[in-house]
Amino acid sequence: MHTDSVTSKGVLLYPEGIIELNETAHEIVSRCDGRSVAEIVQALAKEYDADAAALASDVRETLFDLYRRKLIEWT
Amino acid sequence: MNAPVVSGIDDPGKTNHPSNRHHPAAGGTTTTGMRIPRPYALLAEITYRCPLHCPYCSNPTHYCGATASVADPEADGRSADPTTALSTTRAIADKGELSAEEWKRVIREAADLGVLQIGFSGGEPLARRDLEELVRFAREANLYTNLITSGIGLDGNRVRALRSAGLDSIQLSFQSDESSLADEIAGASAHQRKLDVAAKIRDAGIQLSVNFVIHRRNIDRLPRMIELAERLGAQRVELANAQFYGWAFLNRAALLPTREQVLRAREIAATAKARLAGTIDIFYVLPDYYETRPKPCLNGWGQRYLTVNPIGDVLPCPTAASAIPDLRLENVRTRDLDWIWRESESFNRFRGTEWMPEPCQSCPQREVDFGGCRCQAALLTGNAANTDPVCEFSPNRARVDAVLRDLNSSSDYAGNWTYRINPTVTSLDRSIVTASVRE
């Protein structure tokens, strides 16, 4: 993940493409460090005092989108 | 928490994606008060020289005002060893290209403007020995670096040198899935070299994308091309139908696939994309003549992309120099990039929506597709400010339909193509190489 010096936002760069992450996506992607999806959901639920079940579908959807674009890998 | 917004931008000439309108305008204003966005990507066309002769090349058919031509196809290396061809053309044609120092200034100015990604392209960028130096410089300027290449001229040493310079990604072109057709299309024996190069790229740990330009002669081999990409361990595959600019426009009659071919190919690409999700990201681009709405070309003129060509002209779009002859181009040798991006007539000419004619001006899609492609409007209607004639609402749509009708109404439609030839410094008025297309 790069930081866009113009906007200070996180961006993912790939050949001929740029994905700009909003705050939510940024929070999710910055936790992609080898832990499980469930652990990411738990961490976000705790940090934002949000309902883990409600959060889970957002997280899964984001991660699956990035996975399809080959920007993250399941390890 | 809001639902995540993951928004993508893609390559100008290739994208059929719906545009996204969530990008911040962070580039300030012009002296006349117009709001100017910041650019995201620089396409650095460091040379037009190339050892291949693909008839769909989007490079200009004219260069430095001179018609590109060669006295003898063998002298240009066609059908000969492409590596030798590269060194012979280097001797005659690098006059006028920007130096490494000039490119470094361009890269620094681009990074200062907000550019995040640089694509080294051409021609064949490997034809320049200072490529590694430029890649290293771009990485030090914190840009994501991508090399768009035929692979000819890339051996193990050079792959390692590029890797150590920090190159992030290589997009390797293939003409087909096997040598005989691929080499015929390239006009050079290249396919086997590309296979070797792909393995070296993968071994060096550089991200590999495989790009196929699709046209009538190879479109039916799509499943085998996808299999090749799988075997090569590519992370991305681009199956892009030829878009008709430059040499491809000249060779349109030989390249445009039939409707039946296009529909079948789309189905195959979609199935493969689903099957390979997470393994290979597949990107299929329809030939836009078969669309009813225009592509959101460049995601808007002067919005996100800039191209610098080998002699330093700065272009809103790589094909604009040849497609829009009255566009007054600025050059990095006389102006800085920041001024060109913000203030130049060429970048402001089709910025925003005020320039639009009807039916674009009152169209609810005007900030979705931006009226389509200016180069296509120029090439097909003679006026770059017209609505892209691909649009079903364009008064010129009949011109596109006529092309499709000619092609699809004949069962044995054949065409000749003209191979791309390397630019020469001196203008030689010789006949160009043609080859028969067997159907």
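Chain letters run A, B, ... following the sequence lines, proteins first, then strands; residues in each count from 1.
Heavy-atom distances place no part of B/L276 under 4.5 Å from chain A, backbone and side chain included. With a threshold of 4.5 angstrom between heavy atoms, B/T279 approaches chain A through N, CA, C or O but not through any side-chain atom. Using a 4.5 Å cut-off between heavy atoms, A/V29 makes no contact with chain B at all.
For B/Y144 against A/P15, the heavy-atom pair with the smallest separation is OH-CD, 3.3 Å. Annotation for B/N142 and A/H2: closest pair O-ND1, 4.2 Å, computed over non-hydrogen atoms. Contact detail for B/A277 and A/R68: the closest heavy-atom pair is CB-CG, 4.0 Å.
In this structure A/A43 satisfies the side-chain contact (heavy atoms from CB on, under 4.5 Å) test together with A/R31, A/R35, sequence neighbours excluded.
In this structure, A/L71 CG and B/D281 CG are separated by 7.5 Å, a value rounded to the nearest 0.5 Å. B/L116 CG to A/T3 OG1: the interatomic distance, rounded to the nearest 0.5 Å, is 10.0 Å.
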Legend entry - Intermediate values then yes/no, side-chain contact (heavy atoms from CB on, under 4.5 Å), B/E238 and A/E16: CA-CA 11 Å; B/E238 189 177 285; A/E16 298 185 23; 4.0 Å; yes
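Contact of the A/Y14 side chain with the B/R236 side chain is registered, since non-hydrogen atoms from C-beta on lie closer than 4.5 Å. Between B/Q117 and A/I18 the shortest side-chain heavy-atom distance falls below 4.5 Å.
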